[in-house]
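Here is the structure we will look at.
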Amino acid sequence: MPDYRQEARDALERAKSLLAKNEEQSLRYAALELRIAFEALTYSRAVAYKDNLPEKEWRNWQPRRVMSALLEIDPSADKGGSLSISKAPAGEPGSDEFVDLGSEQVLSLRQIKDHYDALGSRLHIPTPTQRESSKANDPARLRKRCEKAAEAVQSVLNSNLWNLVFNVTSTVPCTRCDGTVRALVNPGTKKTEAQCKTCGAPYIVTPDKDECTFEAKQVTVKCPDEACGGEQFIWADQANAGSRFKCIHCDQFFLIVTVLAMEKNLRRPEEDN
Ligand SMILES: [Zn+2]
Ligand SMILES: [Zn+2]
């Protein structure tokens with residue numbers, strides 16, 4: 001497996017020396033190197049999560065696709081927090097000085113993607129409409145963007161959090177649609193919930209050693225028609241007050257009017273009048 005972190009480090013160094021040239025023309029090339037660094041970081045994370053990525057995503061690697069697939073399975077993707085990092089690696093001169101990264105997390109995949117997209121938009125010459133805005137061509141803005149991105153890459157390379165791998169991970173096909181349900185469970189978690197990314201079907205996930213058990217989150221409903229009285233399962237996310245359900249035994253429609261814990265009160269829609 002290629003050393004993606006080293007590739008990110010190399011690209012960052014090239015970007016830094018381009019920025020140091022202080023030439024307007026070099027900024028675009030610095031932006032390109034920084035994008036390469038973000039791609040390398042994304043792939044290094046993808047390698048850690050290989051078993052969770054669908055074969056299709058794994059075979060057809062494209063930064064954007066890998067990024068969105070990772071965003072789905074990475075539980076820390078949208079978590080915030082405040083963090084300071086040392087300006088130099090521990091033990092080296094400058095390591096007692098800190099850079100405050102503000103309220104952002106070290107760098108979530110979401111942030112990586114944001115940087116990546118923002119840099120990408122600066123790799124093309126502005127369209128005639130964009131030219132009307134003075135911002136589009138402002139080298140000072142591009143320099144600032146590059147500097148922020150370089151800081152972000154550096155923070156990932158300095159961070160131990162980045163390659164933290166969670167010990168229980170699992171993927172199952174959704175039983176309601178063709179989608180995939182992915183669960184990524186932290187050590188010590190006894191039970192958690194996961195949703196199908198395609199249709200939103202809820203599942204209860206129970207980790208057990210190296211595997212997870214997925215249980216469809218459904219409720220049992222008894223047909224209120226006494227002549228029928230048939231039982232069936234309804235997905236928990238579809239058993240909301242106001243939603244309709246069709247009895248599979250007698251084909252009648254009923255309206256769910258209140259939801260009390262796991263018990264359902266059902267009425268025929270015509271009784272509303
Ligand atoms: Zn589904
Ligand atoms: Zn029925």
Side-chain angles (χ1 to χ4, degrees), residues 45-46 49-62 64-79 108-110 113 166 168-186 189-208 210-273:
R45 170 72 53 107
Y49 285 141
K50 183 176 186 291
D51 293 342
N52 288 81
L53 289 166
E55 185 69 15
K56 201 171 67 183
E57 244 105 349
W58 184 251
R59 291 275 157 231
N60 307 305
W61 268 19
Q62 281 169 11
R64 194 174 296 274
R65 277 177 55 169
V66 174
M67 279 177 197
S68 359
L70 285 174
L71 269 176
E72 282 183 19
I73 56 170
D74 180 24
S76 59
D78 291 315
K79 276 189 198 148
S108 67
L109 284 158
R110 163 82 50 206
K113 193 169 175 303
F166 296 83
V168 184
T169 53
S170 232
T171 306
V172 289
C174 177
T175 56
R176 193 163 85 186
C177 74
D178 291 339
T180 304
V181 192
R182 289 173 195 151
L184 211 147
V185 186
N186 286 301
T189 304
K190 295 218 165 63
K191 222 175 217 10
T192 184
E193 292 196 9
Q195 284 184 340
C196 168
K197 292 293 167 192
T198 311
C199 74
Y203 291 83
I204 296 164
V205 184
T206 315
D208 180 24
D210 294 330
E211 288 202 343
C212 288
T213 312
F214 287 74
E215 187 194 337
K217 202 177 168 192
Q218 294 175 326
V219 287
T220 316
V221 175
K222 192 167 185 257
C223 179
D225 187 327
E226 280 176 21
C228 170
E231 289 192 347
Q232 73 187 80
F233 294 107
I234 308 185
W235 286 90
D237 63 324
Q238 292 173 341
N240 303 310
S243 56
R244 283 154 65 87
F245 109 96
K246 186 185 178 188
C247 174
I248 53 168
H249 306 282
C250 67
D251 284 344
Q252 298 184 88
F253 280 97
F254 297 92
L255 194 67
I256 299 171
V257 286
T258 53
V259 181
L260 296 169
M262 296 300 261
E263 257 176 57
K264 301 279 165 266
N265 293 327
L266 302 165
R267 262 199 304 168
R268 287 171 207 221
E270 58 266 31
E271 286 171 13
D272 280 347
N273 306 323

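Just so it is clear, the structure is predicted and the values come from calculations on it, not from any experiment. Counting starts at 1 for both ligands and their atoms, in listed order. Here, residue 1 is the first one in the sequence, and each next residue gets the next number.
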What angle, to the nearest 10°, do the atoms SG (Cys177) and SG (Cys174) form about the Zn ion (ligand 1)? 120°
Would you mind reporting whether Gln218 and Trp235 have side-chain heavy atoms less than 4.5 Å apart? yes
Can you tell me the angle formed at the Zn ion (ligand 1) by SG of Cys196 and SG of Cys199, to 10°? 110°
Step-by-step side chain to side chain contact (heavy atoms under 4.5 Å, CB included) determination, Thr220 to Phe233: CA-CA 5 Å; Thr220 316; Phe233 294 107; 3.7 Å; yes
Vertex the Zn ion (ligand 2), ends Cys250/SG and Cys247/SG: angle to nearest 10° comes to 100°
Apply side chain to side chain contact (heavy atoms under 4.5 Å, CB included) to the pair Thr175 and Tyr203, showing each step before the final yes or no. CA-CA 10 Å; Thr175 56; Tyr203 291 83; 3.2 Å; yes
Can you tell me how far CD of Gln195 sits from SG of Cys174, rounded to the nearest 0.5 angstrom? 10.5 Å
